[in-house]
Chemist: 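Once you've had a glance at the structure underneath, I'll fire off some questions.
Letters A, B, ... mirror the listed sequences (proteins, then strands); counts begin at 1.
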Amino acid sequence: MSNALFTYTLRLADDLLILSQRLGEWCGHGPVLEEDIALTNRALDHLGEARNLLTYAGQVEGKGRTEDDLAYLRMERQYTNVKLVEQPNGDYAHTMVRSFLFDAYHLPLMQALLKSTDEQLAAIAGKSVKEATYHLRASSEWIIRFGDGTEESHQRAQAALDNLWTYTGELFESDAVLEEMTKAGIAPDIAAIKESWSKTVDQVLSEATLKRPADAFMMTGGRKGLHSEHMGFILAEMQHVTRAYPGAEW
Amino acid sequence: MSNNPNNWPLWEIFIQSKRGLEHKHVGSLHAADPQMAIENARDVYTRRQEGNSIWVVLAEHVHASRPEDAESFYDPADDKVYRHPTFYTMPEGAKYI
Amino acid sequence: MTEVKNLEELFQAKIDAEQKIEPKDWMPDAYRKNLIRQISQHAHSEVVGMLPEGNWITRAPSLKRKAILLAKVQDEAGHGLYLYSAVETMGTSREQTIEDLLSGKAKYSSIFNYPTLSWADIGAIGWLVDGAAIMNQVMLCRTSYGPYARAMVRICKEESFHQRQGYEIMAVLAKGSPEQKEMAQDALNRWWWPSLMMFGPTDANSPHSAQSMKWKIKRQSNDELRQTFIDRTVQQAEVIGLSIPDPDLKWNEASQHYDWGAIDWTEFNNVVAGNGPCNKERLAARNKAHNDGTWVREAALAYAAKKAKRKAA
């Protein structure tokens, strides 16, 4: 049980950690100052939630690992984030579509986790739900602006959607860990999250005059630590100072 | 001010820091529409929990008095001291007034 | 002519009486121009200043440091934004002001043309660069132009953690492993002199200073601020066991200040002239962000126009 809880918490954490790492790349390079600030807020929110989850995962594991041990000193195969969040930023439409697809999953997940039988996860969700509500609203608005804005923005948003769609299936995969967590009332029923996600996506895409891609082949592997080639570079950049000075305090 | 149609318009931002207080001008920012202006104001001007409620007004819709009118606008109030509570002498010993 | 002279006298009288000048007040053309130049340079410095530090966000060695750095660089975007707004009150749009930066016409603080080569540089920037900047900014909270002073009050409030987080990074490194301490000392060696240059030319060689003091745009001279900065920083370096890279540095009992060595103004002039280590990279990065953002800004406007039209219909 504690093993499954550790894995489950780590999955929640890794999605946010890696997405935050990606969003942090934008800081100082946004399309307009106001957006630079908004995007950094998003990165900060995700990072804050990731830190809470990593700290908790370390406690559940009971081997004395801290948030930094888990963030910086695992090998690539031990990261369990979905491939969606490790995809490169691309243009602003690609970044926003990636966030939108994630936000539409993250919000109902956090709302459901409020009722988790695991008090700590419920408490973390309590803080995240407010942030996630705002994130989804803001990314939805950008998808609508792009879709219903200019011809160029419409094309860019549609291209991003077509490119990223194959990574959305992984958000709703189930396996023995998730089943155990759901049975224990710790994790919510993932089918219900998917339903909510699907509804949000349809609603926003329709207002944005964008086409929902067909559910063809869905990428998988992230939860088992099988990532895209991008992941190695993300970790190389993220970990190199920490690993170059083993045991150092910062 | 340049009126290049390709620029996002300028908005003046008013923030109420606590329920019951007035909305106070905190600065300005650019946004394409009112909704975006409110969200940008949230991100720009309330990063340290300074806000409870936000008003945004297109800067071009703000009309200002002219400084050279200041005398005719405000000086007449100078000799109306009776508008201020301290103008009145209260009998000694009277409370809560 | 006499009328202009009277207006100028009235204007100077207001300044002398410590009254703030507000956007709609009459002001001499030179005052306006001087302010637009100074505030926009200040705004550009905040925005360009995001780059050398942003460079380390993805590499910060702990999650706590990563969060602090994100928040700090974000603050700088906010500060740039407040200052561009202050320029706008003088009738120059942000777009125009930024255009001057992107074309290379406008200046920004030369310090940001130096590279950040190690994690300790993030500490050194916070401690020294923000430390130097704060001295200027605290003074500017009392500057004569109202919107500028108000922006500075806000900025100073937010900046208060910036210097402290940098000094803390340095302190932790200095008492860490020998390699960490070496990293910290190396960063101090590289950032010390450029930080002193941040206060600008010596008073004798500062072309705008006298007029700026008279108009109370500036309230303390470059040399005064520089001396205060040195006095404070030397003590702080001692506390954490790092040494200031200046062989001529010596306490002067008579003046109650530190005496210090000569600044290499040739280097300063070179960096100002565009030949610093990173001038090209900084401008290229700003231009790229601006150009890549064009379609985003257009899309938002196009959508806003459509929405307004639908609402009217």
Side-chain angles (χ1 to χ4, degrees), chain B residues 1-17 22-51 54-75 78, chain C residues 7 10-11 14 19-27 70-72 74-75 77-99 146-147 150-155 157-158 160-161 293-308 311:
Chain B
M1 194 130 324
S2 99
N3 284 317
N4 182 344
N6 294 323
N7 297 336
W8 289 359
L10 185 69
W11 302 76
E12 297 300 333
I13 311 301
F14 300 81
I15 293 192
Q16 182 188 42
S17 55
E22 74 279 43
H23 285 71
K24 216 173 135 187
H25 184 243
V26 293
S28 43
L29 50 73
H30 290 263
D33 56 55
Q35 188 57 33
M36 193 200 271
I38 290 174
E39 279 159 26
N40 289 346
R42 177 251 191 203
D43 286 320
V44 172
Y45 289 106
T46 70
R47 295 200 301 286
R48 289 167 172 79
Q49 289 124 25
E50 297 99 328
I54 298 172
W55 289 350
V56 300
V57 181
L58 264 179
E60 65 186 38
H61 289 172
V62 175
H63 300 271
S65 65
R66 295 180 303 165
E68 53 271 35
D69 289 341
E71 283 182 23
S72 60
F73 267 44
Y74 311 115
D75 284 1
D78 271 2
Chain C
L7 283 170
L10 280 171
F11 172 82
K14 255 190 217 165
Q19 282 191 28
K20 297 283 181 235
I21 304 301
E22 292 295 339
K24 294 203 153 197
D25 289 338
W26 184 90
M27 58 187 91
L70 270 167
K72 174 176 192 278
Q74 183 195 41
D75 273 351
H79 299 168
L81 192 155
Y82 307 156
L83 291 164
Y84 284 127
S85 300
V87 179
E88 292 195 84
T89 64
M90 313 203 76
T92 308
S93 74
R94 190 199 294 182
E95 191 71 12
Q96 280 169 263
T97 311
I98 288 182
E99 206 47 59
R150 288 193 285 276
M152 291 316 305
V153 168
R154 207 176 172 85
I155 289 172
K157 235 195 267 172
E158 299 186 352
S160 56
F161 89 83
T294 305
W295 71 268
V296 177
R297 298 188 296 273
E298 283 171 1
L301 275 181
Y303 176 72
K306 277 189 204 176
K307 206 168 141 189
K311 205 173 160 192

Chemist: So, the side chain of R47(B) versus the backbone of A71(C): is there a donor-acceptor pair under 3.5 Å, distance only?
Modeler: no

Chemist: How many angstroms lie between atom CG of D43(B) and atom CD of Q74(C), to the nearest 0.5 angstrom?
Modeler: 7.5 Å

Chemist: Would you tabulate the side-chain donor-acceptor contacts of residues 299-308 of chain C under 3.5 Å, counting partners in other chains and residues two or more places apart, or write 'none'?
Modeler:
unit_1	atom_1	unit_2	atom_2	d
K306(C)	NZ	D148(A)	O	2.9
K306(C)	NZ	D148(A)	OD1	3.2
K306(C)	NZ	G149(A)	O	3.1

Chemist: Where on E22(C) is there a heavy atom nearer than 4.5 Å to chain B: the side chain, the backbone, both, or neither?
Modeler: neither

Chemist: Hey, does Y45(B) have a side-chain heavy atom less than 4.5 Å from the side chain of L81(C)?
Modeler: yes

Chemist: Considering only heavy atoms, which portion of R154(C) lies under 4.5 Å from any heavy atom of chain B: side chain, backbone, both, or neither?
Modeler: side chain

Chemist: Please walk me through it: do H30(B) and R297(C) pass side chain to side chain contact (heavy atoms under 4.5 Å, CB included)?
Modeler: CA-CA 11 Å; H30(B) 290 263; R297(C) 298 188 296 273; over 6 Å; no

Chemist: Contact part of A31(B) toward chain C, heavy-atom cut-off under 4.5 Å: side chain, backbone, both or neither?
Modeler: neither

